[in-house]
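Read the structure below first, then the notes.
Naming: A, B, ... by sequence-line order, numbering from 1 per chain. What you see is a predicted model; the values in this text were computed from it and never measured. Heavy-atom basis, side chains included; hydrogens, waters and symmetry copies ignored.
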Number of protein chains: 2
Amino acid sequence: MSRGTIYGVGLGPGDPELMSVRANRLVRNARHVAFFRKAGRKGQARGIVEGMLHPDASEIAMEYPVTTEIPFTDPRYNAILSEFYAGCVARLAALAKGGHDVVVLCEGDPFFYGSFMHLHSRLSHLPVEVIPAITGMSGAWTATDSPVTWGDDVLTVLMGTLPEDELARRMAGSDAIVVMKLGRNLDRVRRALERAGRLGAAWLVEYATMPKERVIRLAEAGDAVAPYFSIVVVHGQGRRP
Amino acid sequence: MSRGTIYGVGLGPGDPELMSVRANRLVRNARHVAFFRKAGRKGQARGIVEGMLHPDASEIAMEYPVTTEIPFTDPRYNAILSEFYAGCVARLAALAKGGHDVVVLCEGDPFFYGSFMHLHSRLSHLPVEVIPAITGMSGAWTATDSPVTWGDDVLTVLMGTLPEDELARRMAGSDAIVVMKLGRNLDRVRRALERAGRLGAAWLVEYATMPKERVIRLAEAGDAVAPYFSIVVVHGQGRRP
């Protein structure tokens with residue numbers, strides 16, 4: 001029996017209309033659909049394809065072990081996640097070896113800070129195909145209704161998990177800036193932007209391309225934790241005729 | 001009569017299957033389709049939608065004035081391009097004011113170093129909508145079959161038009177690197193990567209997602225001018241369980 005393929009399918013920033021033609025077809029025809037989610041949640045990626053799955057599709061929810069109590073610098077964090085990913089791979093590999101294709105749903109673009117990468121690196125023994133997608137940051141800067149980069153602007157993409165000093169230094173040295181993984185890091189990101197002299201030009205985009213989309217000046221955002229789907233954008237001001 | 005809308009439609013990296021569901025529908029139904037091209041060429045964006053246009057679609061080719069003889073630092077360069085964009089806007093605005101929707105074809109993502117931005121900034125008096133898309137760089141790193149960023153990797157996006165010293169400094173300070181606008185700058189980009197100690201990890205991706213796609217180590221690429229659709233990728237090596 002020939003082996004099935006495991007597809008890492010990028011779904012884009014959230015609006016199902018922004019899925020690629022290819023991703024749309026793969027998702028609608030899939031009989032085995034896998035996705036990550038936090039325990040007790042529906043799953044962000046699963047939410048994007050609501051109403052699109054084939055009636056005969058079987059769903060494989062890969063639930064993250066609870067790790068918020070352990071800092072990611074603790075070796076146990078890596079060990080727990082590593083075991084979790086190995087278990088996911090075993091489930092998907094068993095299907096593929098049985099001749100079944102599997103679609104793994106991925107928010108954004110799978111190879112850009114995506115969870116699927118942790119499966120991909122463990123699946124080299126099987127046919128795997130990755131479908132790129134519109135990144136969350138493209139959705140975010142489009143929502144601001146203003147181009148993010150002009151001419152020879154430098155764009156720096158930063159994670160809100162970085163230390164404040166490093167954030168501030170890199171923000172000061174870049175033309176355009178994107179910051180992801182905000183959540184509880186929003187305050188640190190705001191302080192770093194202020195130190196870099198860029199806070200006045202920073203936008204907070206929540207739920208880009210989704211019905212709850214909201215674009216506000218970061219300086220005017222409250223102190224709440226940023227929702228999962230939120231991104232900070234500072235536009236470049238480069239050369240333009 | 002109500003005014004039409006001017007759609008800046010991102011087409012993605014080149015494979016028509018990677019256009020979004022929304023872009024695909026807009027392109028197939030459009031009666032007025034505009035695109036930039038070099039004089040005497042078919043046009044990169046127009047090539048992506050070959051065979052997709054409605055039989056009644058009228059095509060509006062916006063041909064760049066020849067400016068290669070003038071360096072872009074010369075004020076005449078800006079004046080010539082500015083006049084050109086103003087002329088394009090006049091053509092599109094006349095259609096929109098007559099009640100016609102216009103689809104402007106854009107390679108990659110319109111707000112990410114895109115030509116459409118120069119129309120968008122001159123079209124604030126009319127209904128304009130921008131459809132984000134898969135960037136050329138997403139197509140390129142997917143073609144390398146390896147994730148571009150992990151954990152809290154920093155990604156820096158650089159244009160090959162920057163001075164060699166600045167390229168080398170920024171390349172040395174970033175985890176993951178993308179370089180666009182290669183063309184005649186390929187040699188300078190290669191020297192900068194070498195000075196930054198990153199040449200051994202650099203990939204040159206030509207025509208990502210297209211039939212002519214080619215992925216080679218940059219160190220092994222010849223001295224030829226890089227084709228229009230080519231991007232350099234250096235992958236980050238960040239935290240991964």
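Across Thr156(B), Asp109(B), Val178(B), the residue that shares the most heavy-atom pairs under 4.5 angstrom with chain A is Asp109(B). Most heavy-atom pairs under 4.5 Å with chain A, from the set Thr142(B), Val130(B), Asn78(B), Thr161(B): that is Thr142(B). Interface check for chain A: of the options His118(B), Glu17(B), His235(B), the most heavy-atom pairs under 4.5 Å are formed by Glu17(B).
Within a 6.0 Å sphere centred on CZ of Arg191(B), heavy atoms belonging to other residues, nucleotides or ligands number more than 12. In Glu83(B), the CD atom is not crowded: 12 or fewer heavy atoms of neighbouring residues, nucleotides or ligands sit closer than 6.0 Å.
Panel note: side chain Arg170(A), backbone Gly173(B); a donor-acceptor pair is recorded below 3.5 Å. For the pair Ser20(A) (side chain) and Met19(B) (backbone), a donor-acceptor distance under 3.5 Å is absent.
Closest heavy-atom contact between Met117(A) and Pro147(B): SD-CB, 3.1 Å. The minimum heavy-atom distance linking Ile134(A) with Pro132(B) is given by the pair CD1-O, 3.4 Å.
Note that CE of Met159(A) and CG of Asp153(B) are 8.5 Å apart. Values are rounded to the nearest 0.5 Å.
Ring pair Phe112(A)/Trp141(B) is parallel by interplanar angle, where below 30° counts as parallel and above 60° as perpendicular.
Both the backbone and the side chain of Asp152(B) come within less than 4.5 Å of a heavy atom in chain A. Proximity to chain B (any heavy atom under 4.5 Å) is shown, for Asp145(A), by both the backbone and the side chain. Proximity to chain B (any heavy atom under 4.5 Å) is shown, for Thr144(A), by neither the backbone nor the side chain. Looking at Glu166(A), only its side chain comes within 4.5 Å of chain B, counting heavy atoms on both sides. No part of Arg169(A) comes within reach of chain B, as not one of its non-hydrogen atoms sits under 4.5 angstrom from that chain. For Tyr85(A), the part sitting under 4.5 Å from any heavy atom of chain B is the side chain, from C-beta outward, and nothing else. In this structure, the portion of Leu158(A) lying under 4.5 Å from any heavy atom of chain B is its side chain and not its backbone.
Contact annotation: the side chain of Thr135(A) approaches that of Ser138(B) to within less than 4.5 Å [non-hydrogen atoms, C-beta and beyond]. Residues Tyr113(A) and Val148(B) are not in side-chain contact: their nearest non-hydrogen atoms beyond the backbone lie 4.5 Å or more apart. Two residues are said to be in side-chain contact when any heavy atoms from C-beta on lie closer than 4.5 Å; Leu162(A) and Val154(B) meet this criterion.
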Trace of the side-chain contact (heavy atoms from CB on, under 4.5 Å) decision for Leu155(B) with Leu155(A): CA-CA 8 Å; Leu155(B) 168 67; Leu155(A) 168 67; over 6 Å; no

